[in-house]
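Written out below as structure tokens is the structure these notes cover.
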2 protein chains.
Amino acid sequence: MIRLGARRLLKVSARTGFSFRFASTSFTNDKNLNAIYTKVDELEPKFIQRIKDAVKIPSVSSELERRPELFRMAEWLQKEAKGLDINLTAHDPGFQSPGVKLPPILVGNYPSVPLPEKKTILVYGHYDVQPANIEDGGWEADPFTVVEKPDGRLVARGITDDKGPVMGWLNAIEAYQAAGVELPVNVIFCIEGMEENGSEGLDEFIASEKAHELFKDVDAICISDNYWLGTKKPVLTYGLRGCSYYAITVEGPNTDLHSGVFGGTVCEPMTDLTQLLASLVKPAKDAYKIQVPGVAEMVAPVTDAERRVYEPIDYNLTDLADSLGGRDCSLHATKADTLMARWRMPALSIHGIEGAFAQPGAKTVIPAKVTAKISIRTVPNIAPSRLNELVTEYVHNQFGQLGTKSSVKVDVVHEGNWWVSDPNNWSFEAAKQATRAVWGVDPDLTREGGSIPVTLTFEKELQKPVLLLPMGRGDDGAHSTMEKLDKQNYIQGTKTLASYLYFAAKAKTDTN
Amino acid sequence: MIRLGARRLLKVSARTGFSFRFASTSFTNDKNLNAIYTKVDELEPKFIQRIKDAVKIPSVSSELERRPELFRMAEWLQKEAKGLDINLTAHDPGFQSPGVKLPPILVGNYPSVPLPEKKTILVYGHYDVQPANIEDGGWEADPFTVVEKPDGRLVARGITDDKGPVMGWLNAIEAYQAAGVELPVNVIFCIEGMEENGSEGLDEFIASEKAHELFKDVDAICISDNYWLGTKKPVLTYGLRGCSYYAITVEGPNTDLHSGVFGGTVCEPMTDLTQLLASLVKPAKDAYKIQVPGVAEMVAPVTDAERRVYEPIDYNLTDLADSLGGRDCSLHATKADTLMARWRMPALSIHGIEGAFAQPGAKTVIPAKVTAKISIRTVPNIAPSRLNELVTEYVHNQFGQLGTKSSVKVDVVHEGNWWVSDPNNWSFEAAKQATRAVWGVDPDLTREGGSIPVTLTFEKELQKPVLLLPMGRGDDGAHSTMEKLDKQNYIQGTKTLASYLYFAAKAKTDTN
């Protein structure tokens, strides 16, 4: 599937099958781009040091005791950008809770005085990371120190999510400067520090008058905070599923009961809830089809043309099994069905039950009040508000049939809408050109099963096209132990970001 | 339902409906017993002080940091008994875990040289208590200081479970001594300190050669570690349900997954488990009938004669609702059905799920491995080993029908057999006489829904009749906050224990 270009060395990698080894390689004859690529390769040691320095600060946004590290990280980032003449201004989103300040949202123009004749690209990233402690096990060394593996992996917390891409943007600007090529677009950076903790404060900021003023000239938004589908082929992402999260609470007696004394004589909320949950989806043999009437009817039908889109994509069921630790737990027999199930079909998951006995050991309790946490991944054309109505009505109907004296309640915990873009708009076309120039292949056009809520926020508030342009691979293990970014992806990814800006400048926006 | 005797004052209690207020009252003309009862009343202030002192030591067996308190409690008990010429020897059951000693099992004869012509009654109790901290909320004051309420309640952790009854036995001996009445039986005390933590070490001790030698002359065992069914009428307990506890584990991928990325493409253990659990019992409208084939067939049929036994018992559905905090969660419409469901019918409860998301908040995880904890309360004539086979087979059959690639495993966590005694044997007859003498009523003959495993151990090892003779009321709230023992039950209960020994001596054992 990978088209061979000139001047590349093909080698077999035991880890990922075929992959490229690049030696100042490019698939373009553009003089400027080639000069930039050469500088990226020359600056590789500096860029590696940059990501090492960035990773060193444990900027974990979900642990309050590490909150000062977020501010340290923001300052480090401002200093690093300043060295490239990028002035990042810290915007204060206020307090997370009394006494707990939210970390700043960093916003800055490059060049500092935008040129009105050029397009303006907003690039988004985040400088906070998921928690990690060597004591948790799974890490071979301190997670906040980059370990370079012989196979090219750079292992550290936050390296692919999202410090690698953020450094990639800085690297790209530096390469332009080093190559003496004028940046053909205006760039606005928007880098937040709460992404791993619900992006608290960001939506309000983007919707604020201040941000509307700051972002008024933006022509497109580019987000590099997701991953290739597999490990071998670059992708551009044009769709995300939404997520509607529900808490279903069943309540019976006013207090937990002893099952010896009361078992058999009272309505048991946990038993009622179990039966309710079982009625939400069909069994695995029917692919957990959602049983809530009206949901399937809202899903956009699959056309024959669409079905053909999935076949060429670099993905197979072995990739899925690899993600599951080598176990075959696949629900579908074909790649196309699997990708459709991940990208464009709704799915209901039961995450757990609050209020019941969840510890190791044995306890003979009848819990008085139990709350199931479930979510439905949503796709075109499911309307979240209608889904809430349908789920609530169905739950009450099913519960009514149980004949229990327990009560039931459905709460909508949160809802994030799905997102689908036109993968042939000028911004995507620029990214396709960039991918071909750097990697020598057409990117796969993919969607994601998960959600990246800021995508919708930018689209809604700025009314401009959003592109998801990932740097890392599908096996990077963001949020897991031994998170990694391949050096190849970091360096070629830097070139890809630089090239996207280059081709975006040339693109005809009226094709949007 | 309460037969009125002579010399008692009837008063209306706002808390429990009708109850008696005794003023040196008895329902017997036996000179010795009346002398003993008079002494109990005279000694009431001393007995109240004794329970206050006993409660003061926070002998919590499940909290390692309080382990020294168990040893302090055992020493206090030995000293208190010594004052009554009862020599309690500390038997060391060994270690709970490396470095953690089990508290002693206290055993002693009274009189210290048993008289061979007298019957020997083994009385069992425990000096450890459930955890309690005022910080947990629910307690009006330090839980280890007795609070005397105007309505007669003595509130403190462990006061009814089981320090009240243990002090009751000491009080009874003291009353005999004070009244100058020779104890007509030999008593052997057996008081452990791990009852609230699985009675670790006790079964081994009772089964040991040493204990068989110590207990070789025992004619009956009397356990005072349970409660009246309701709040107004004394009971004797002749049956307990057993408990077979299972862990059902469903396992899929090797690691937890993100529901956005994987939802819809893989088998989800939590969904599979939910559907499996739902198939274990019918819905509430069918009284959660256990769906495992072969279980109902093992249950002893209800005869018409048996059905009539339940009607006169002091219990009604309001008592049940009171236990549930005032909410009507009853599964059955009549008292008889409710009592049968509690005492002589099996019941399956789902206690919770380990491995899934159980915290507050929202998390979009697909748990890789989830374990449901369920138990079945067993009754005559369910054979626990056969039940294990039936449950395991059914679970695997049902699971097979789901068509999932997840795997399932059933572990038997523990099994305790049910117990039923003859409520008309000589020991029960002695207890009935004692109840009539003190309370002026025939006790209700009840069974318990829960299990008291030591009951079975004593019966099996000593091959002698076991009697459960409770002191406290059904609303005492053992294991809960604001645990209490009514002063009336403490004082009259002391008389009842003393009277049981008195009538046991007179009983013809050949009626057993």
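Because the structure is predicted, anything quoted here is derived from the model rather than measured. Residue numbers start from 1 in every chain, and the chains themselves are labelled A, B, ... in the order their sequence lines are given, proteins ahead of strands.
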Any sub-3.5 Å donor-acceptor pair from B:Asp476's side-chain atoms to B:Ala478's backbone N or O? no
The criterion is side-chain contact (heavy atoms from CB on, under 4.5 Å); which residues satisfy it with B:Asn254, sequence neighbours excluded? A:Arg327
Scan residues 249-276 of chain A for pairs that pass salt bridge (Lys or Arg N to Asp or Glu O under 4.0 Å), counting only residues two or more places apart or in two chains. none
Relative to chain B, which segment of A:Ala287 carries a heavy atom at a distance below 4.5 Å: side chain, backbone, both, or neither? neither
With only heavy atoms counted, which part of B:Leu257 is less than 4.5 Å from chain A, the side chain, the backbone, both or neither? side chain
Side chains of A:Ser330 and B:Lys405 only: does a donor on one sit below 3.5 Å from an acceptor on the other? yes
Apply side-chain contact (heavy atoms from CB on, under 4.5 Å) to A:Tyr246 and A:Ser375, showing your working. CA-CA 6 Å; A:Tyr246 303 97; A:Ser375 70; over 6 Å; no
Among A:Ser244, A:Ser349, A:Ser451, the one residue meeting side-chain contact (heavy atoms from CB on, under 4.5 Å) with A:Arg377: A:Ser451
Honestly, the part of A:Arg342 sitting under 4.5 Å from a heavy atom of chain B is both
Is A:Val413 in contact with chain B via its backbone, its side chain, both, or neither, using a 4.5 Å heavy-atom distance? side chain
Among A:Gly263, A:Ala347, A:Ala341, which has the most heavy-atom pairs under 4.5 Å with chain B? A:Gly263
Side chain, backbone, both or neither: which part of A:His479 has a non-hydrogen atom closer than 4.5 Å to chain B? neither
Among the options A:Thr338, A:Thr404, A:Val365, A:Val281, pick out the one with the most heavy-atom pairs lying under 4.5 Å from chain B. A:Val365
Contacting region of B:Pro360 [heavy-atom separation from chain A under 4.5 Å]: both
Residue part contacting chain B, namely of A:Thr481, when any heavy atom lies under 4.5 Å: neither
Contacting moiety of A:Leu276, where chain B heavy atoms sit under 4.5 Å: neither
Judged by atom type as modelled, is there a donor-acceptor pair below 3.5 Å linking the side chain of A:Gln275 to the main-chain atoms of A:Leu402? no
A:Ile353 portion near chain B, given a 4.5 angstrom heavy-atom threshold: both
Between B:Tyr310 and B:Trp343, what is the ring plane arrangement, given parallel below 30°, perpendicular above 60°, and tilted in between? tilted
A:Lys373 and A:Glu354 ion-paired at < 4.0 Å: yes
Measure distances from A:Ser323 to the heavy atoms of chain B and classify the residue's part below 4.5 Å as side chain, backbone, both or neither. both
Ignoring hydrogens and angles, tell me if any N or O in the side chain of B:Asp286 forms a donor-acceptor pair with the backbone of B:Lys289 under 3.5 Å. no
For A:Pro269, which atoms come within 4.5 Å of any heavy atom of chain B: side chain, backbone, both, or neither? neither
Part of A:His351 within contact of chain B (heavy atom distance under 4.5 Å): both
Counting heavy-atom pairs closer than 4.5 Å to chain B, which one of A:Ala284, A:Ala356, A:Gly242 comes out on top? A:Ala284
